[in-house]
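Notes follow the structure.
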Number of protein chains: 2
Amino acid sequence: MSETANRIIEVMTELIQSRGYSAVSYQDISEAVGIRKASIHYHYPSKADLGVAVIRAYAASLMEQLREVEEDANSTAQDKLNAYFEPYLGFKGNDRHVCLCGALAGEYFALPEVMQVEVTAFFAAHQKWLADLFAASQESGELRMSGSPVQVARLFFDALQGALLARRAVDDDSQIDDVVATLKALVF
Amino acid sequence: MSETANRIIEVMTELIQSRGYSAVSYQDISEAVGIRKASIHYHYPSKADLGVAVIRAYAASLMEQLREVEEDANSTAQDKLNAYFEPYLGFKGNDRHVCLCGALAGEYFALPEVMQVEVTAFFAAHQKWLADLFAASQESGELRMSGSPVQVARLFFDALQGALLARRAVDDDSQIDDVVATLKALVF
DNA sequence: GTCTATACAAAGATAGAC
DNA sequence: GTCTATCTTTGTATAGAC
């Protein structure tokens, strides 16, 4: 993938996390990247193509961040859960971004179908990752569980997604801290 | 408020809950209401005016639904919390709508400032309603509390908002049921 | 690969007749 | 209050030169 193609992905990712997909135009991308509108089409023929590429890169990046703790045989369930929280805590700061797929889910039926498929896959994959972790820790007794692994996974994932929306709306980073702390208290 | 003005609000509310604000055009509203584009401008001069009116009507409607249980001196903390869950459970069905303000929060920085203010107020009001409930039930001992009233309120509200996004993305109503059940188990 | 130029449709909005 | 007609800007996208 060329350097320009990469920059376009980066810029589009940030724009969607700030405004959503529908509100982003080729003009916006063009100005942020520093190339002409037509050049964007060379790398990504349509806006839907770009949207799909952005979601895939975002999803892969998050899963990549989990690989280390996953592959370490010494990592505990606590380590893994803390690793999962990391990206959400990383959202704290001044740009008030939300999760890319959280933003896209809010405008789901405005998205091209090829993008809807990717958003659905993202949600399913993350809930499954958490559910697998909780299922394993239930057997080993590492975490305190109140509810089935699937139910607890859904609560965790949904609360984190909601926390990003809330901290943006009320402009208060402690929204994320509070939810992470409360979730930890439930299982640690 | 005229009957047409009301219909426009209803239609716009549904469209935003399905696609988000940015992706809704006067053409879309026009077709759904059965009037011409220019007639919409008569009732709401700009799209931002319409957006503000929609959020206010939506927020008022939700708070209205809570009034009965709030004013009943016999209602318990459990009753009140169950009443709060009601609208979220009401989302279950075929149209896969999300909370109006949840959708708007996802495209927050694409919104006119007058709308951002309303979205922020909605989030703050709902978290406060829950926090007040939890604070009162902490004194009375009616609910089991793990964390401060504000923290628990944030977890509840955020998880419910996230559950709407998730059940839309994966097209499974049990997402809402699971989160509500798990939240109930935490405090009942 | 990036550019200029342009096509074509759709956007939000207004004027003025009825 | 609703309409037709129109304005102006912006949207995504393509053709073809460099």
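A, B, ... follow the sequence lines: proteins, then strands. Residue 1 opens every chain.
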*Base versus backbone protein contacts along nucleotides 2-15 of chain D [heavy-atom cut-off under 4.0 Å; B, S, -]*: BBB------SBBBB
_Ion pair check, A:Glu64 and A:Arg67, cut-off under 4.0 Å_ = yes
_B:Tyr88 vs B:Arg167, test: side chain to side chain contact (heavy atoms under 4.5 Å, CB included). Steps then yes/no._
CA-CA 11 Å; B:Tyr88 289 93; B:Arg167 81 100 191 201; over 6 Å; no
*Criterion ring pair (Phe, Tyr, Trp, His ring centres under 6.0 Å) against A:Phe134, the qualifying member of A:Phe156, A:Trp129, A:Phe157*: A:Phe156
_Check: B:Ser25/B:Asp28 side-chain N/O donor and acceptor closer than 3.5 Å_ = yes
*asked:* Holding to side chain to side chain contact (heavy atoms under 4.5 Å, CB included), I want the full list of residues that pass it with B:Glu3, two or more places apart in sequence or in another chain.
replied: B:Asn6, B:Arg7
